[in-house]
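Scroll down for the structure; my scribbles are underneath it.
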There are 2 protein chains.
Amino acid sequence: MRVERPLLVREAVYDRLKSAIVEGELAPGARMLEVELAGKLGVSRTPVREALVRLAQEGLAELLPGRGARVRVLSPAEVSEVYEVRAALEAEAARLAAQRASEGELEELARLEAALHRIPKTDLAEQTRADTRFHAALVAASGNRELERLFHQLDAKLALARRYSSDENQSPKTLAEHRAILEAILAGDPDRAAAAARAHIERFKALVARRLKEAS
Amino acid sequence: MRVERPLLVREAVYDRLKSAIVEGELAPGARMLEVELAGKLGVSRTPVREALVRLAQEGLAELLPGRGARVRVLSPAEVSEVYEVRAALEAEAARLAAQRASEGELEELARLEAALHRIPKTDLAEQTRADTRFHAALVAASGNRELERLFHQLDAKLALARRYSSDENQSPKTLAEHRAILEAILAGDPDRAAAAARAHIERFKALVARRLKEAS
DNA sequence: GGGCTGTATACTGCATACAGAATGCGCGTC
DNA sequence: GACGCGCATTCTGTATGCAGTATACAGCCC
């Protein structure tokens with residue numbers, strides 16, 4: 001028999017703020033006033049501060065000493081660096097998945113890949129969600145929790161630049177690359193899986209870098 | 001003209017606690033009582049709590065809801081996972097360093113590698129410090145700050161298991177591997193540099209895994 | 001003696017208080 | 001009209017207060 005444990009307020013605040021940042025509800029650069037957030041969420045400043053400290057440690061917020069917190073602003077160079085690390089991590093995840101993924105994980109991955117083809121070309125938000133699910137499943141299939149943790153950290157950070165990539169999630173090239181990654185993993189070919197994953201992310205890196213350059 | 005800004009208390013507390021954990025002054029599993037730490041450091045509980053939140057987010061501390069904080073205990077499986085990710089990251093760092101490191105960075109790396117050979121076989125602490133400096137310089141030479149950040153995060157975590165690896169930092173094999181990494185980078189050979197770095201870390205992974213197994 | 005129960009104590013989680021720094025604005029000066 | 005200065009206001013950073021839960025221990029029952 002179990003009773004519902006009241007979640008910690010600081011956890012709830014953290015979750016809420018993190019999703020607000022990742023979903024773009026709070027734009028990069030936006031100030032996050034402690035009293036304001038505390039008021040909106042119906043809590044005191046204490047748990048808000050603790051959530052902000054976590055977000056800063058994670059790289060989603062910036063704490064300017066004496067001058068408050070704001071949503072992290074990533075420079076184009078920083079975005080490229082994050083993509084670069086993500087490429088290496090995801091290549092490793094694909095390599096490990098090709099070596100060790102369980103039957104269930106492989107089925108799930110195949111299912112999610114197939115789902116990518118059935119999303120309306122117009123529904124950008126759903127495309128992003130489906131893409132996220134596929135990549136998350138890929139990394140989970142690596143069986144390495146630390147790798148998974150770092151991946152999600154990078155993924156959240158890249159959400160800060162998502163508007164430069166979201167329309168590419170459904171392109172024929174992207175779909176073909178997803179399939180290539182999946183097939184290499186199903187075939188149990190670690191090197192090919194790693195190369196395919198790396199190439200996929202590197203292409204996004206270049207794409208987003210180009211768009212950020214144009215935007216400036 | 002610059003004046004000394006008083007550091008934030010929470011930063012000082014964070015630095016102090018982090019080094020206490022990394023240096024082994026606070027052993028894995030040790031309880032960290034807020035009032036006790038606050039008393040020792042001469043501050044209130046507030047900055048201590050904020051430091052603990054950061055350490056937990058970083059994976060160096062565990063916050064048990066309602067039951068306080070303790071120094072993170074890594075299971076043998078977790079240690080292996082961290083090594084596995086570190087191998088991938090450091091391989092990537094070596095690859096990038098071989099491609100892009102500046103003259104100054106290469107000189108520094110060569111200098112630190114040479115220094116590894118001149119440390120008394122008995123001074124384990126200095127061996128560990130010199131090894132840390134070499135690897136840090138390698139990762140810095142990648143030119144990727146995000147990669148560097150994640151590397152240091154993993155390195156701090158592995159400090160929790162350092163006693164299983166520190167005596168290997170000076171072995172002939174280790175020295176030969178360091179030299180192989182350096183030479184590949186100096187030769188501008190990304191693939192060879194990556195492979196050498198990966199092999200080096202993977203060997204430590206296996207070594208530490210074996211010792212953890214024996215210890216249990 | 002072992003185990004349960006009640007109570008005292010310790011510690012956390014959140015709220016609030018307070019001091020000091022940063023920001024913005026109006027006024028005066030040139 | 002532009003600039004600088006000073007004050008009011010806002011907000012952060014740290015300390016402290018308070019309620020509630022976890023832990024430990026003593027006493028009691030069997």
Side-chain angles (χ1 to χ4, degrees), chain A residues 1-21 25-73, chain B residues 1-21 25-73:
Chain A
M1 197 167 77
R2 294 179 66 85
V3 294
E4 192 65 21
R5 306 258 346 168
L7 289 188
L8 295 179
V9 174
R10 65 159 178 257
E11 292 295 321
V13 173
Y14 169 78
D15 290 344
R16 183 70 191 79
L17 288 180
K18 182 167 178 175
S19 83
I21 293 171
E25 198 176 323
L26 285 170
R31 291 198 66 183
M32 295 187 281
L33 300 183
E34 295 174 8
V35 255
E36 182 187 332
L37 295 174
K40 275 186 192 167
L41 300 171
V43 301
S44 78
R45 286 172 56 212
T46 307
V48 172
R49 285 181 65 85
E50 295 181 356
L52 290 174
V53 166
R54 285 185 66 183
L55 291 168
Q57 183 70 18
E58 218 177 337
L60 293 179
E62 300 178 274
L63 296 184
L64 316 172
R67 315 198 303 125
R70 48 179 64 237
V71 179
R72 176 79 178 275
V73 180
Chain B
M1 196 166 79
R2 294 179 66 86
V3 294
E4 192 64 22
R5 304 252 354 160
L7 289 189
L8 294 179
V9 173
R10 65 156 179 261
E11 292 295 321
V13 173
Y14 169 78
D15 290 345
R16 183 72 191 76
L17 289 180
K18 181 167 179 175
S19 84
I21 293 171
E25 198 176 323
L26 285 170
R31 289 198 68 182
M32 295 187 280
L33 300 184
E34 295 174 7
V35 257
E36 183 187 332
L37 296 174
K40 275 186 192 165
L41 300 171
V43 302
S44 78
R45 286 172 56 213
T46 307
V48 171
R49 285 180 64 87
E50 294 182 358
L52 291 175
V53 167
R54 283 185 69 183
L55 291 168
Q57 182 70 19
E58 217 176 337
L60 293 178
E62 299 178 274
L63 296 183
L64 314 171
R67 315 197 304 127
R70 46 179 64 235
V71 179
R72 175 79 179 271
V73 180

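Residue numbers start from 1 in every chain, and the chains themselves are labelled A, B, ... in the order their sequence lines are given, proteins ahead of strands.
- In this structure, A/Arg67 does not reach the D/dT12 phosphate: none of its side-chain N or O atoms is under 4.0 Å from OP1 or OP2.
- Put simply, the side chain of B/Leu63 reaches to within 4.5 Å of the side chain of A/Arg10, judged on heavy atoms.
- Within residues 7-18 of chain A, the residues that place at least one heavy atom under 4.0 Å from DNA chain C are, in residue-number order, A/Leu8, A/Val9, A/Arg10.
- We find that CG of A/Leu33 is positioned 17 Å from P of C/dA22, with the value rounded to whole Å.
- The shortest heavy-atom contact between B/Pro28 and B/Val73 is C-CG2, 3.8 Å.
- Residues satisfying the salt bridge (Lys or Arg N to Asp or Glu O under 4.0 Å) test with B/Arg67, not counting sequence neighbours, are none.
- Pairing each heavy atom of A/Met32 with each of A/Val71, the nearest pair is CE-N, 3.7 Å.
- Side chain of B/Arg72 to main chain of B/Gly59: a donor-acceptor pair is present (N/O by atom type, distance under 3.5 Å, no hydrogens or angles).
- You'll find the side chain of A/Arg49 stays beyond 4.5 Å of the side chain of A/Thr46, heavy atoms only.
- The CZ-P distance, from B/Arg70 to C/dC11, rounds to 14 Å in whole Å.
- Atom CG in B/Leu41 sits roughly 15 Å away from atom C1' in D/dA15 (whole-Å rounding).
- For the pair A/Arg70 (side chain) and A/Gly29 (backbone), a donor-acceptor distance under 3.5 Å is present.
- In plain terms, the two heavy atoms of B/Leu52 and B/Ala69 that are nearest each other are CD1-CB, 4.0 Å.
- A heavy atom closer than 4.0 Å to some atom of DNA chain C occurs in B/Arg45, B/Arg49, B/Pro65, these being the qualifying members of residues 43-65 of chain B.
- For the pair A/Glu34 CD and D/dT12 P, the computed distance is 4 Å after rounding to whole Å.
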